[in-house]
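The block underneath contains the structure these notes are about, expressed in C-alpha cells.
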Amino acid sequence: MPRPIRKLLIANRSEIAVRIAQTAREMGIATVAVYADPDAGGEHARACDEAVALGGASSSESYLDIAKLLAAARRSGADAVHPGYGFLAERADFAAAVEAAGLTFVGPTAASIQAMGDKIRARSAAEASGVPVLPSAPVTGDDACDRSAADKLGFPVLVKAAAGGGGRGMRLVADAAALSDAIASAQREAGSSFGDDRVYLEKFVVGPRHIEIQVFGDAHGHAVLLGERECSVQRRHQKIIEEAPSPIVDEAMRAKMGGAAVDLAASIRYRGAGTVEFVVAPDGNFYFLEMNTRLQVEHAVTEAVTNTDLVRWQLEVAGGARLPQTAPTARGHAIECRVCAEDPANGFLPSAGRVRRVDHPRGVGIRVDSALRDEWNVPVQYDSMLAKVIAWAPDRSQATRRMIAALESFPILGFTTNIAFLLELLRSERFARAGFFTTTLDTEFAAWKPADELSFDIAAAAVAMLVRSGRTRGGSAHDSASHGGAGAIPGPWQTLGAWRVGERT
Amino acid sequence: MELRFRVGSRSVEMVVGEHDGRTTVTIDGRELVLDEVSFDDRSVTLSIDGVRRRVLVDSERGHVHAAIGGHSYEFVPGEEATADQDSGRFTPEISSPMPGKVLAVLVGPGDIVEPDAALLLLEAMKMETTVRATHKACVVEVRVVAGVMVGPGDVLLRLEEALD
C-alpha cells in the first residue's frame, strides 16, 4: 500500500541529487545522500540532511551496488528510494529489490521497467498499442541471411542493442559490405555495456530529428500528457541542447504524437514519470524509438513551460496521490544546455580537474542545476556533465538570447568546458531556423575550433593587469615574464603541450 | 612593460602601455584600450569600448588562470610554446591528454611502433580514448600500468625516434 514518504534516500550524485533534495526538502521530506569516495565533500552530500559513505571509487563499487544502497537505506531509516537518472534508474532488479526491502521505489513498477527496458519487447508493445515503429529485422548470425534482411529494409540501416541506451551497441551501416563487422562490434559493445549482446536491425531515417513526449501516470490508472521536447542537437547520441516546445511540431502533430505516447503508457498502466522517444523524419512522420522509464536529464524544460515540478509529482505519486485530471497548459519557450567537462576543440576529450572558481548565471527566466563550487575536484569516474542551464522566455528567440547571455556569464576557471561550443551553436543561423538533425554535430562540427579571439584577448589583458598590479600568487610570474622566459618555475603543467604528439587528429 | 606567456600550444606576447591617460594592452599586435580596470579577490573587471567585462582569475606558482565566456585559459609565464602535433615534430615524451584511468598499455619497452599505432587506452568520464604514435618510434620506457589514475600532462611513456 502506498504511503506518504517521510525519509528519502537519493541513489544518485551531482546536480540531479541536489535537485531532488531541494524538492524533497520543500515537501518536508528528510533526505539521505549516498556518496562514493571521489564525491566525499561533494555538493550533493551537503545538500541532504544526512550523507552515507558507500566507499569505492568506480560506479560499480558505489552508485551501482544495490546491496550497499539498501544497507544505507536501512541504516538511515529511509522509507523510499529515488534513483534519479542513469545508474540504477532503469534497472528492474533494483526497483524490485527496493520494494522487496519494504521501501517505496520512486518510479514505475519493476514490470514496467522490464517491459520497456528491452528494446525489442518495447517495440512490440508500441506496435500493439498502435504507435508507429520503423521497419526492423532480427539479427540471425548468418551473414547471408542478415544481409538480405538489411537489403529488404534498404540501406542505411542501424544495428541496435536490445538492451541499448546512450548510443552504446549502436552502429550506422551505409552499405552491405560493412554490415557483418558492424554487427560484430555492436554485439561486443552491447555485451560489455549491458551484459546482453542481442542486437537487431532497424531502418535508418535520413535527416532524423529526436522529439520526445513527457508522460506521467499515477497508481490509479490515470495518465497526464506534458508535451514534447525537441532534442535533435546531439553529439554521438548524447543530447546537449534540448527545448520545449519543439519548433517544428504543430498542434496536429502534437496531438498525434501525444496520443500515441499516452496510449502506450496506458497500455502498460504506467506509473510515474516516463518519456516516449520518437525519431521524426523530414516528411513529419514519426516512429517509436524507445520509452525511458525515469526522470530525464532534460525534464527541466518541460517544468519551465508547464510550470510544474516533476520531482514533486514523482514523490506524490509514489506516495499514492492522484495526478491532476487536466494537463497543465504550456506557455512560452524553454531551452536547456548541458555544460560538460569536455574540450570541443580537442575532439571533445574529457577535461575534468579542479574548479578553481566558478560563477553561476542568474537572472530572470534562468535556472541553473549544478553541483559545482569553488575548489571542487570534478571526479573522472562518472559522467562529464557538470551543470544544466535552463532559460525560459515568452518566445524562442528571446529564450535563445537569454541562454546566450547566461552562458556568457558562466565562467568555470580551471579547465575547458563545452560552453564556447554551445554558444556558437546557439548563435548559429542553423539553430535560429531549428535546422539540426541528430546527425548534424557529428558530420558538420567534428573538427570544430573556437574562433573567439576576443575572449582570449580580454582574458590576456586581464592577466596582464593582474601581473602588473602584483596580485599574482606564488611569486614569479612578473619577474620571469618580464625577463622573457628565464627563471620560470618548472611545474607539471609545462609538459602539457607535448601530449598531442600521441593523439590523432 | 612586456610579457610573454604560453597558453596551451600557443605563445602570446603582450605590451602594456599608456595612451591618452588610458592603459593599453597589445596582444600579439592587437591593441585593446582599457577605459577602466578594477580588481576583487577572484576577478579582474575591464571596461573596453564602454562594455564592462569580468574575468575570473586565479594564480598559483606564477601560472595565471583566467576564464571568460566559456573559456578557461592557463597562462604560463615566459615560455615558448612547446612543439605539438601541429608542428609535426617528434616529441619523445607521450603525456596524458586528460585526467583519467589507464585501461590498457598496448606496447612494451623495445617495441617499434609505426605512425598511428595505438599505444595506450585511457578512460575518463565513461569515454575511451586511444593514445597513438605520430612517428615511427622505439618504446624506451613505459611509466604506467593498467588501472592507475593519471593527470593531464603526466608522462605515460617515452619514445625514441626510429628512422626507416
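Naming: A, B, ... by sequence-line order, numbering from 1 per chain.
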Steps toward salt bridge (Lys or Arg N to Asp or Glu O under 4.0 Å) verdict (B/Glu36, B/Arg22): CA-CA 8 Å; B/Glu36 211 180 284; B/Arg22 288 183 300 180; over 6 Å; no

Measure distances from [X] to the heavy atoms of chain B and classify the residue's part below 4.5 Å as side chain, backbone, both or neither.
X	result
A/Val339	neither
A/Asp374	side chain
A/Ala341	both
A/Pro379	backbone

Under a 4.5 Å heavy-atom cut-off, does chain A meet the side chain of [X], its backbone, both or neither?
X	result
B/Val57	both
B/Leu56	both
B/Leu120	neither

Answer yes or no for A/Arg235 and A/Phe445: cation-pi contact, defined as NZ/CZ to six-membered ring centre under 6.0 Å and angle to ring axis within 45°. no

Is the terminal nitrogen or CZ of A/Arg13 (NZ for Lys, CZ for Arg) located under 6.0 angstrom from the six-membered ring centre of A/Phe87 and within 45° of that ring's axis? no

Heavy-atom pairs under 4.5 Å with chain A: which of B/Pro99, B/Pro92, B/Ala66 has the most? B/Pro99

Hey, which of B/Arg30, B/Arg54, B/Lys101 has the most heavy atom pairs under 4.5 Å with chain A?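 Greatest number of close heavy-atom pairs with chain A: B/Arg30.
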
Pair B/Arg52 + B/Asp35: basic N to acidic O under 4.0 Å: no

Give the member of A/Asp457, A/Asp343, A/Val378 that has the highest number of heavy-atom pairs under 4.5 Å with chain B.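 Highest number of pairs under 4.5 Å: A/Asp457.
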
Check whether B/Arg4 reaches the backbone of B/Arg6 with its side chain - one donor and one acceptor, N or O, closer than 3.5 Å. no

Does A/Ala345 offer a backbone N or O that forms a donor-acceptor pair with the side chain of A/Lys449 under 3.5 Å? yes

Check: residues 400-423 of chain A side-chain donor-acceptor pairs under 3.5 Å, at least two apart:
from, atom 1, to, atom 2, distance (Å)
A/Thr400, OG1, A/Arg396, O, 2.8
A/Arg402, NE, A/Val364, O, 3.4
A/Arg402, NH1, A/Trp392, O, 2.5
A/Glu408, OE2, A/Arg427, NH2, 2.4
A/Ser409, OG, A/Ala405, O, 2.9
A/Ser409, OG, A/Ala406, O, 3.3
A/Thr417, OG1, A/Ile419, N, 3.3
A/Asn418, OD1, A/Cys340, N, 2.8
A/Asn418, ND2, A/Arg338, O, 3.0

